[in-house]
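Okay, structure first, notes after.
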Amino acid sequence: MKTVNRAVSTLPDPLRIEIDSLPIDLNPLTTCDYTSKYISSVMYEPLRNGYNSRINHQNNQDYTIQLHPNYLGNAYQLANTIQFHLKRENQSPHVTSFLSVKHAIPFVKKQLSFDEIGIRVKDDRELEVVLDEPFEGFLSILQSSFFIPSEQNGQPVANGPYQLTCQHETGLHFERNPRYQMTPADKNTIHSIDFVLNKNLSKSIDLYKTNHIDITCHTQFHHDNMEYQSYKDFKESSLPMLFTLKIKDDQLLTFIKSNLNKNKMAEKLRDIIIPTDSLLGIYQADHSYEEAKLVREESVRMTYADYYPNGEIIQEMISLLDNSGVKTDIHKVSSFYDYYHLDKSAFDIELHLFLPTYLHYTSYAKYFIHDLPDKESKIKVVESIKKRKKKELYATFENTKQYYPICFGKSLFLQNPCIEGFAVNYDGLLSVHDLKCRQ
């Protein structure tokens, strides 16, 4: 298989990974933005059943975690993390993930002490967690990026393969963690990593060809570059990142559902996205597209964060509305941070990205259930989750009152072929515990 013609270079140490934005908060217990989660995954290692731990359960209700002897962090520190998330004063974004722990809700309300909930530290390497009732998604929660051993103040244990040594306006530098022994270093181990900021998407391939980076940004691979798909350097995998439209007008929502052909959009973008008709996962509904028209005098106001392929999705919306004689007014925001804090009340449509906090369809359901139109619908969803009626749930979430699913993203990037042990996991986070270079 052919490889990309690159300038002659030395061994990739440090390994240079392209990023499109800088992190906001590198603490995995509290961070919410994707770039921060992505970068912090080289610093902190969550539980991985069969690798650094053994996680057993009885009927999805009684869980036992046994830590590998070389895993950095102990069972007491894992209990600290659960306590941190459940303490109301910490305002953890992940508090709901642990409310299924037995007696967790009375603890949150300060009616019980932490010693009285379903958490038992048997010894330094073993933790037991008991839930109020069976929940199959809890195994995914236990292996999530926000369940990291921590001190009582919420400071996570630096238990990953690399340590942050320098952060500046153009990137971050990491060195191999000498205490990390899950995969001991050898003569081929890459000992340092640089995350290199590049805000200009059009320069990405040139930066790779000229050896300024070893791995291109995996969320910013332009569809015009899919010619590299046949090269050894090219890597591709699915991501759980969901692109949705938040539509605040019922007539607009009906029009878009009837007219937007997601499959044609994906084909136009050379399948860098995966169309979906459900907010819970990849799902194809049975429907036909209509030539419906929208009667509207005022412009449709849309806003989005200026990251690829957001602009391409918005352009499809512009064309769709233009074909119906409806004008559009577009507001583009340069960064996710600014977009997150933007007052969006004046807009008719927002392009909204959702990354689940843990890898299970219930993570999507917990978020979008709040936008269902009535209490009866919400109760029906909860009952369907308990009875594991997954197909019925996917159909229920073809849209909510405001949210309409468009597609899931993909991880697409070029990687120096001599690098081994680098992977973007399905959760969108990095695996670099056995990072090596072989020539």
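Here Glu392 does not pair with Lys387 in a salt bridge; the nearest charged N to carboxylate O distance is not below 4.0 Å. Under the 4.0 Å criterion applied to side-chain N and carboxylate O atoms, Asp427 and Arg48 are assigned as salt-bridge partners. Lys262 has a carboxylate O that lies under 4.0 Å from a charged side-chain N of Asp277, or vice versa, which qualifies the two as a salt bridge. Ion pairing of Arg438 with Glu420 is present here, as a side-chain N (NZ or NE/NH1/NH2) and a carboxylate O approach within less than 4.0 Å. Ion pairing between Asp271 and Lys410 fails under the 4.0 Å rule for side-chain N and carboxylate O. Checked for salt-bridge contact, Asp194 and Arg16 miss the test: no charged N lies under 4.0 Å from a carboxylate O.
No hydrogens or angles considered: nothing links the side chains of Glu45 and Asn159 as a donor-acceptor pair under 3.5 Å. A side-chain donor-acceptor contact under 3.5 Å links Thr400 and Asp371. Counting only N and O atoms by type, the side chains of Tyr63 and Asn56 include no donor and acceptor under 3.5 Å apart. For the 3.5 Å distance criterion, the side chains of Tyr208 and Asp233 qualify, holding a donor opposite an acceptor. For the 3.5 Å distance criterion, the side chains of Ser113 and Asp115 fail to qualify, holding no donor opposite an acceptor. Side-chain atoms of Ser140 and His360 form no donor-acceptor pair, as typed in the model, at a separation below 3.5 Å. For Ser204 and Thr216, the side-chain atoms include no donor-acceptor pair closer than 3.5 Å. In the model, Glu175 has a side-chain atom that pairs as donor or acceptor with a side-chain atom of His173 under 3.5 Å. Checked by atom type, the side-chain pair Ser345/Asp343 shows a donor-acceptor distance below 3.5 Å.
Taking all atoms of both residues into account, the shortest heavy-atom contact from Glu126 to Ala75 is O-CB, 3.5 Å. Across Ser238 and Tyr426, no two heavy atoms sit closer than the pair O-CD1, 3.4 Å. Counting all heavy atoms, side chain and backbone alike, Phe147 lies closest to Ile65 at CE2-CD1, 4.1 Å. Between Arg270 and Asp224, the closest heavy-atom pair is NH1-O, 4.1 Å. Heavy atoms only, all atoms of each residue included: Ser278 and Phe408 are closest at O-CE1, 4.4 Å. When all heavy atoms are compared, the tightest approach of Lys268 to His223 is O-CD2, 4.0 Å.
Residue Phe368 forms a ring pair (Phe, Tyr, Trp, His ring centres under 6.0 Å) with just one option from Tyr403, Tyr394, Tyr404, and that option is Tyr403.
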Report the C-alpha separation of Thr64 and Asp62 in whole Å, then their side-chain angles, then the decisive distance to 0.1 Å, and conclude whether the side chain to side chain donor-acceptor pair (under 3.5 Å) test is met. CA-CA 7 Å; Thr64 301; Asp62 298 345; over 6 Å; no
Verify side-chain contact (heavy atoms from CB on, under 4.5 Å) between Arg88 and Lys109, making sure each step is shown before the conclusion. CA-CA 8 Å; Arg88 183 178 292 174; Lys109 295 179 178 179; 4.0 Å; yes
Pair His85-Thr96, side-chain contact (heavy atoms from CB on, under 4.5 Å): steps then yes or no: CA-CA 9 Å; His85 287 306; Thr96 58; over 6 Å; no
Determine whether Ser150 and Leu29 satisfy the following criterion, side-chain contact (heavy atoms from CB on, under 4.5 Å), listing intermediate values before the conclusion. CA-CA 9 Å; Ser150 69; Leu29 274 62; 3.9 Å; yes
For side chain to side chain donor-acceptor pair (under 3.5 Å), just list the numbers for Asn399 and Lys257, CA-CA rounded to whole Å, side-chain angles, deciding distance to a tenth of an Å, and then say yes or no. CA-CA 9 Å; Asn399 65 270; Lys257 284 183 64 176; 2.7 Å; yes
Could you walk me through whether Phe397 and Tyr364 pass the ring pair (Phe, Tyr, Trp, His ring centres under 6.0 Å) test, one step at a time? CA-CA 10 Å; Phe397 281 91; Tyr364 297 91; 9.8 Å; no
For a side chain to side chain donor-acceptor pair (under 3.5 Å) check, start with the C-alpha distance between Asn80 and Glu151, then their side-chain angles and the critical distance, and finish with the verdict. CA-CA 6 Å; Asn80 287 342; Glu151 306 302 338; 4.9 Å; no
List the steps and the verdict of salt bridge (charged side-chain N to carboxylate O under 4.0 Å, His left out) for Lys389 and Glu383. CA-CA 9 Å; Lys389 295 182 178 180; Glu383 291 302 316; over 6 Å; no
Walk me through whether Tyr304 and His331 qualify under side chain to side chain donor-acceptor pair (under 3.5 Å). CA-CA 7 Å; Tyr304 70 101; His331 181 72; over 6 Å; no
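A cation-pi geometry, defined here as NZ or CZ lying under 6.0 Å from the six-membered ring centre and within 45° of its normal, does not hold between Lys366 and Tyr358.
Within the model, atoms OG1 of Thr30 and CG of Asp25 stand 3.5 Å from one another, a figure rounded to the nearest 0.5 Å. Atom OG of Ser192 and atom CG of Asp13 lie 4.0 Å apart (nearest 0.5 Å). Lys332 contributes atom NZ, which lies 13.5 Å from atom OH of Tyr339 (distance to the nearest 0.5 angstrom). Between atom SG of residue Cys437 and atom CG of residue Asn416 there is a gap of 6.5 Å, rounded to the nearest 0.5 Å. One finds the CD1 atom of Ile256 at 3.5 Å from the CD1 atom of Ile247 (value rounded to the nearest 0.5 Å). To the nearest 0.5 Å, the span separating CD1 on Ile105 from CG on Leu112 amounts to 11.5 Å.
Taking the six-membered ring for Trp and the full ring otherwise, His433 and Tyr180 have centroids separated by 6.0 Å or more. The aromatic ring centroids of Phe234 and Tyr231 lie 6.0 Å or more from each other. Ring-centre distance between Tyr51 and His68: not below the 6.0 Å cut-off. In this structure, Phe174 has its ring center closer than 6.0 angstrom to the ring center of Phe195.
In this structure, Glu169 places its CD atom where only 12 or fewer heavy-atom neighbours from other residues, nucleotides or ligands lie under 6.0 Å away. Applying the 6.0 Å contact sphere to CD of Gln58 captures no more than 12 heavy atoms from other residues, nucleotides or ligands. A 6.0 Å sphere centred on CZ of Arg179 holds no more than 12 heavy atoms belonging to other residues, nucleotides or ligands. Around the CD atom of Gln152, the shell of radius 6.0 Å holds no more than 12 heavy atoms that belong to other residues, nucleotides or ligands. Shown here is Tyr337, whose OH atom has no more than 12 heavy atoms of other residues, nucleotides or ligands within 6.0 Å. The local environment of NZ in Lys378 is crowded, with over 12 non-hydrogen atoms from other residues, nucleotides or ligands closer than 6.0 Å. Within a 6.0 Å sphere centred on CG of Asp374, heavy atoms belonging to other residues, nucleotides or ligands number more than 12. For Lys401, the NZ atom sits in a loose shell: 12 or fewer heavy atoms of surrounding residues, nucleotides or ligands are nearer than 6.0 Å.
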Show me the side-chain donor-acceptor pairs of residues 128-139 shorter than 3.5 Å, one per line, residues at least two apart or across chains.
from   : atom 1 : to     : atom 2 : distance (Å)
Asp132 : OD1    : His103 : N      : 3.4
Glu136 : OE2    : Tyr361 : OH     : 3.4

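His218 and Tyr38 have parallel rings, their planes meeting at less than 30° on a 0 to 90° scale where 60° marks the start of perpendicular. Relative orientation of the Phe146 and His94 rings is parallel, given thresholds of 30° and 60° on the angle between their planes.
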